[in-house]
Protein chains: 2
Amino acid sequence: MDKLTIKTLAKELQLSVSTISKALRDSHEISAATKRKVLALAEQLNYSPNPYASSLRKRKSKTIGVVIPEVVNSFFSQAINGIESVAKEKGYHVLIYLTHENLDNEKAILKDFESGRVDGVLLSASRETINSTHISGLIKKDVPVIFFDRVFDDVETVKVITNDFESAYTATKHLITSGCKNPHFLSIISNLNIISNRIDGYKKALQEHHIKFSNSNIINCTTNWEHNYKLLLKKMQSSKKPDGILCSIENLSVLIYQVCEDLNIKIPDDLQIVSFSNLDTASFLNPPLTTVTQPAYEIGSVAAATLVKALEKKNFIIPNENIVIPSVLIKRKSTKNKILS
Amino acid sequence: MDKLTIKTLAKELQLSVSTISKALRDSHEISAATKRKVLALAEQLNYSPNPYASSLRKRKSKTIGVVIPEVVNSFFSQAINGIESVAKEKGYHVLIYLTHENLDNEKAILKDFESGRVDGVLLSASRETINSTHISGLIKKDVPVIFFDRVFDDVETVKVITNDFESAYTATKHLITSGCKNPHFLSIISNLNIISNRIDGYKKALQEHHIKFSNSNIINCTTNWEHNYKLLLKKMQSSKKPDGILCSIENLSVLIYQVCEDLNIKIPDDLQIVSFSNLDTASFLNPPLTTVTQPAYEIGSVAAATLVKALEKKNFIIPNENIVIPSVLIKRKSTKNKILS
DNA sequence: ATGAAAGCGCTAACAA
DNA sequence: TTGTTAGCGCTTTCAT
């Protein structure tokens with residue numbers, strides 16, 4: 001049995017390959033009758049065109065590359081959901097790559113993309129990433145890169161983000177008005193401006209309430225659970241221990257609960273908690289976790305839609321703009337929600 | 001500026017394209033000196049070979065397709081993690097597709113794979129899937145399909161699964177020995193044998209403890225949250241209401257907590273719960289959730305490793321076997337853990 | 001050890 | 001409306 005290609009159809013129907021090709025792609029040059037015949041035979045033989053031959057010829061892969069730090073994370077998995085929904089609708093395929101928060105991985109992935117494997121890239125940077133130099137190669141090769149969530153200001157492209165500064169500000173203010181005198185900021189070591197923006201929002205709230213900020217207010221975690229656990233444990237046993245925490249990373253909120261359980265610290269009486277988090281289970285934690293819930297699905301779908309738009313329009317220049325989709329503070333029982341008089 | 005291809009290198013170095021090609025792929029036919037020159041120039045010019053040209057010629061895409069029902073789910077995202085780790089190690093790329101539990105989506109995706117877009121497939125079937133007829137096309141085109149978690153027995157291939165029957169049996173027994181007289185099974189409507197196996201395990205435990213089984217013991221959910229909520233609400237208000245639930249689907253455990261909260265049902269006093277779940281937050285729910293925790297990462301990585309092995313060996317026939325990686329029952333406070341005397 | 005040439009399956013000028 | 005032809009960029013015999 002021969003390989004089933006466009007040639008097979010051509011021979012069978014006594015038509016040229018180009019006619020078949022055009023018919024399959026519903027070209028206006030081809031008569032309705034011919035199209036029908038071609039489609040019928042294709043259907044009958046169960047023909048499907050080789051996408052790589054097509055990609056090679058058209059220099060378009062109809063594929064987008066998604067690069068994220070991790071996937072076991074409500075935010076990122078919801079973002080993937082959003083990305084997939086528009087990819088599917090627009091006929092794009094989604095290649096997924098995880099950096100595991102490692103810059104070298106990120107570099108290698110983006111380097112690979114210079115081969116033309118993907119038409120465009122959706123990137124959320126690793127926590128180790130400090131600048132955008134490793135992106136310039138891609139930009140130079142005209143592969144559009146759109147950032148989401150963890151972005152870099154110095155790259156001229158669309159960045160789809162949430163209002164990190166305001167969210168952190170609002171969340172911190174919520175802690176303070178709920179009685180916290182010494183709110184801390186729990187985060188990861190990173191130069192990501194998503195982190196610095198949140199810190200700035202946090203600081204602004206402190207300032208407004210005349211609470212002195214010191215660097216020790218910021219608890220910097222790594223990717224090592226044991227290390228983080230000991231770090232926080234120590235912090236919660238220190239003399240100047242926090243009475244409130246704004247947690248900047250979803251996965252770290254579990255850490256806080258663990259430490260509180262082990263030290264018998266009562267939430268929210270001894271410690272109030274707000275976390276950036278998209279956990280479905282936030283309402284059912286003990287106690288229910290007050291969250292800054294990010295519009296993860298929308299961030300993903302808007303980023304993907306913007307990318308596809310850039311890909312489809314020829315000569316479309318990606319504007320250098322921030323698309324900001326706000327987060328929402330959902331108050332639950334891990335904070336006291338009392339109003340200072 | 002010309003396009004940067006293998007030809008560019010050839011011209012620059014006064015060598016033939018075939019020499020360049022071989023040198024880049026470290027062929028033994030090429031002298032060390034030449035290899036060095038080629039590699040150096042490639043590096044200098046920042047050349048990267050077009051993967052689609054290569055795929056077309058070699059009839060290999062170095063790409064695997066992963067088809068899963070959803071991604072916002074600890075089990076599946078952990079499985080992706082496992083898949084990605086071996087893909088990366090073996091130099092494979094991962095295309096992700098979501099069926100959203102819809103059979104037509106699943107069919108369309110698998111149909112597309114007949115084009116040769118992927119070298120092999122990792123599939124976890126949608127809940128609507130009732131048989132494997134839609135897979136036969138792929139098999140016929142020699143695209144290996146390996147199942148994980150949600151599998152079909154009638155396909156002759158490797159299936160990487162957990163011990164659903166035993167796990168459900170053990171979990172149900174745990175409910176009963178903890179005092180449940182009327183444990184129910186919460187699940188989705190589906191012909192998936194993952195579900196029937198769990199039901200069988202559940203039934204066996206009932207039987208062993210002389211608890212009569214009736215069909216009303218099985219609560220069948222859909223993908224509609226509202227519907228499920230009302231269903232469970234009603235159930236929990238009925239005269240023969242359950243005093244224990246084995247929840248077969250991670251995402252439904254939140255539903256139970258919600259209903260209990262709204263009806264003021266105390267867990268575990270009024271209702272004990274065990275859920276198949278890989279939630280990181282299980283320990284911190286109120287109360288902590290007793291789980292059947294599945295080896296999701298391992299299931300993903302073993303499935304991927306098996307697929308890659310099949311892809312790399314020529315004439316390798318995929319055996320028709322089940323690879324079973326056991327789950328573990330983690331007892332927490334949503335069950336009473338008392339021992340019947 | 002290197003090169004010439006054919007061709008993977010498709011698309012797009014251009015011709016007819 | 002249909003056909004001819006020349007590639008897309010790479011790999012692979014088969015010569016040399």
Side-chain angles (χ1 to χ4, degrees), chain A residues 1-39 41-42 45-63 112 114-119 141-142 314, chain B residues 1-39 41-42 45-63 112 114-119 141-142 314:
Chain A
M1 192 181 95
D2 267 0
K3 231 122 264 148
L4 179 53
T5 74
I6 224 172
K7 260 186 180 163
T8 322
L9 303 191
K11 206 168 290 173
E12 189 80 19
L13 290 176
Q14 306 273 47
L15 286 168
S16 76
V17 289
S18 64
T19 302
I20 306 289
S21 172
K22 288 169 188 161
L24 286 171
R25 304 161 72 254
D26 202 26
S27 160
H28 58 244
E29 300 180 39
I30 304 297
S31 75
T34 307
K35 280 184 192 169
R36 237 179 293 115
K37 274 196 295 185
V38 172
L39 260 5
L41 184 63
L45 298 182
N46 196 21
Y47 165 80
S48 46
N50 182 315
Y52 297 129
S54 171
S55 291
L56 177 58
R57 182 62 234 241
K58 295 206 285 190
R59 303 157 161 289
K60 285 256 163 290
S61 64
K62 277 280 189 175
T63 301
D112 174 73
E114 293 183 20
S115 67
R117 187 183 301 281
V118 298
D119 294 342
K141 301 220 176 183
D142 278 323
K314 56 171 49 173
Chain B
M1 192 181 95
D2 267 0
K3 233 123 262 150
L4 179 54
T5 75
I6 221 171
K7 260 187 181 164
T8 322
L9 304 190
K11 205 168 290 171
E12 188 79 19
L13 292 175
Q14 307 273 46
L15 287 168
S16 75
V17 290
S18 63
T19 303
I20 305 289
S21 173
K22 287 168 188 162
L24 287 171
R25 302 162 74 257
D26 202 28
S27 161
H28 55 87
E29 301 181 47
I30 303 298
S31 74
T34 307
K35 279 184 191 167
R36 239 179 291 114
K37 274 196 295 184
V38 171
L39 260 4
L41 185 64
L45 298 182
N46 196 21
Y47 166 80
S48 46
N50 182 315
Y52 297 129
S54 169
S55 291
L56 177 58
R57 183 61 234 244
K58 297 207 285 191
R59 303 158 162 288
K60 286 255 161 292
S61 64
K62 278 280 190 176
T63 301
D112 174 74
E114 294 184 19
S115 66
R117 187 182 301 281
V118 297
D119 294 343
K141 300 220 175 183
D142 278 323
K314 56 171 50 172

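Residue numbering restarts at 1 for every chain, and letters A, B, ... go by the order of the sequence lines.
Scanning atom types as modelled, no donor and acceptor separated by under 3.5 angstrom connect the side chain of A:Ser21 and the base of C:dA12.
The nearest whole Å value for the distance from the CD1 atom in A:Ile20 to the P atom in C:dG9 is 16 Å. For B:Lys7 and C:dA5, the NZ to C1' distance is 12 Å, given to the nearest whole Å. Rounded to an integer number of Å, the gap from CD1 of A:Ile6 to P of C:dA12 is 11 Å. Residue B:Lys22 contributes atom NZ, which lies 10 Å from atom P of C:dT2 at whole-angstrom precision. C:dA12 atom P lies 12 Å from atom NE2 of A:His28, rounded to whole Å. Whole-Å rounding puts the B:Arg36 CZ to C:dA1 P distance at 13 Å. Atom CZ of B:Arg57 is separated from atom P of C:dC8 by 8 Å (rounded to the nearest Å).
Nearer to the 5' terminus of DNA chain C, by closest-nucleotide assignment, is the contact made by B:Ser31 (compared with the other of B:Ser31 and A:Leu56). Checking B:Ala32 against B:Lys58, the closest nucleotide of DNA chain C that is more toward the 5' end is the one next to B:Ala32. When each of A:Glu29 and A:Ala53 is assigned the nucleotide of DNA chain D bearing its nearest heavy atom, the one mapping closer to the 5' terminus is A:Glu29.
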Original post:
So B:Asn50 and B:Thr5, side chain to side chain contact (heavy atoms under 4.5 Å, CB included) or not? Walk me through it.
Top reply: CA-CA 8 Å; B:Asn50 182 315; B:Thr5 75; over 6 Å; no

Original post:
Given the rule in the side chain to side chain contact (heavy atoms under 4.5 Å, CB included) test, do B:Asp119 and B:Thr63 qualify, once you have shown the distances and angles that lead to the verdict?
Top reply: CA-CA 6 Å; B:Asp119 294 343; B:Thr63 301; 5.6 Å; no

**OP:** Mind running side chain to side chain contact (heavy atoms under 4.5 Å, CB included) on B:Leu45 and B:Leu9 for me, showing each step along the way?
**Re:** CA-CA 9 Å; B:Leu45 298 182; B:Leu9 304 190; 3.7 Å; yes

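The two residues B:Ala10 and B:Ser16 make their nearest non-hydrogen contact at CB-C, 4.0 Å. For A:Arg117 against A:Ser61, the heavy-atom pair with the smallest separation is O-OG, 3.3 Å.
Counting only distance, with no hydrogens or angles, the side chain of B:Lys62 and the backbone of B:Ser55 share no donor-acceptor pair below 3.5 Å. Side-chain atoms of B:Thr8 come within 3.5 Å of backbone N or O of B:Lys3 as a donor-acceptor pair. Judged by distance alone, with hydrogens and angles left aside, the side-chain atoms of B:Ser115 form no donor-acceptor pair with the main-chain N or O of A:Ser48 at under 3.5 Å.
Considering only side-chain N and O atoms, A:Ser54 lies under 4.0 angstrom from the phosphate OP1 or OP2 of C:dT11. Put simply, A:Arg59 has no side-chain N or O that comes within less than 4.0 Å of OP1 or OP2 on C:dT11. Between B:Ser16 and C:dG3, a side-chain N or O to OP1/OP2 separation shorter than 4.0 Å is present.
Residue A:Ser55 is out of contact with every strand shown, counting any heavy-atom pair closer than 4.0 Å. Backbone-only engagement by A:Thr5 is indicated by non-hydrogen atom pairs under 4.0 Å involving sugar-phosphate atoms exclusively.
The rotation axes computed at either terminus of the helix from C:dA1-D:dT16 to C:dA16-D:dT1 lie 30° apart, taking five pairs at each end and rounding to 10 degrees.
Under a cut-off of 6.0 angstrom, the local environment of NZ in B:Lys7 is sparse, with at most 12 non-hydrogen atoms contributed by other residues, nucleotides or ligands.
Of all nucleotides in DNA chain D having an atom under 4.0 Å from a heavy atom of chain A, the first and last in 5' to 3' order are D:dT1 to D:dG9.
Side-chain atoms of A:Tyr47 and A:Ile6, non-hydrogen and from C-beta on, do get closer than 4.5 Å to each other.
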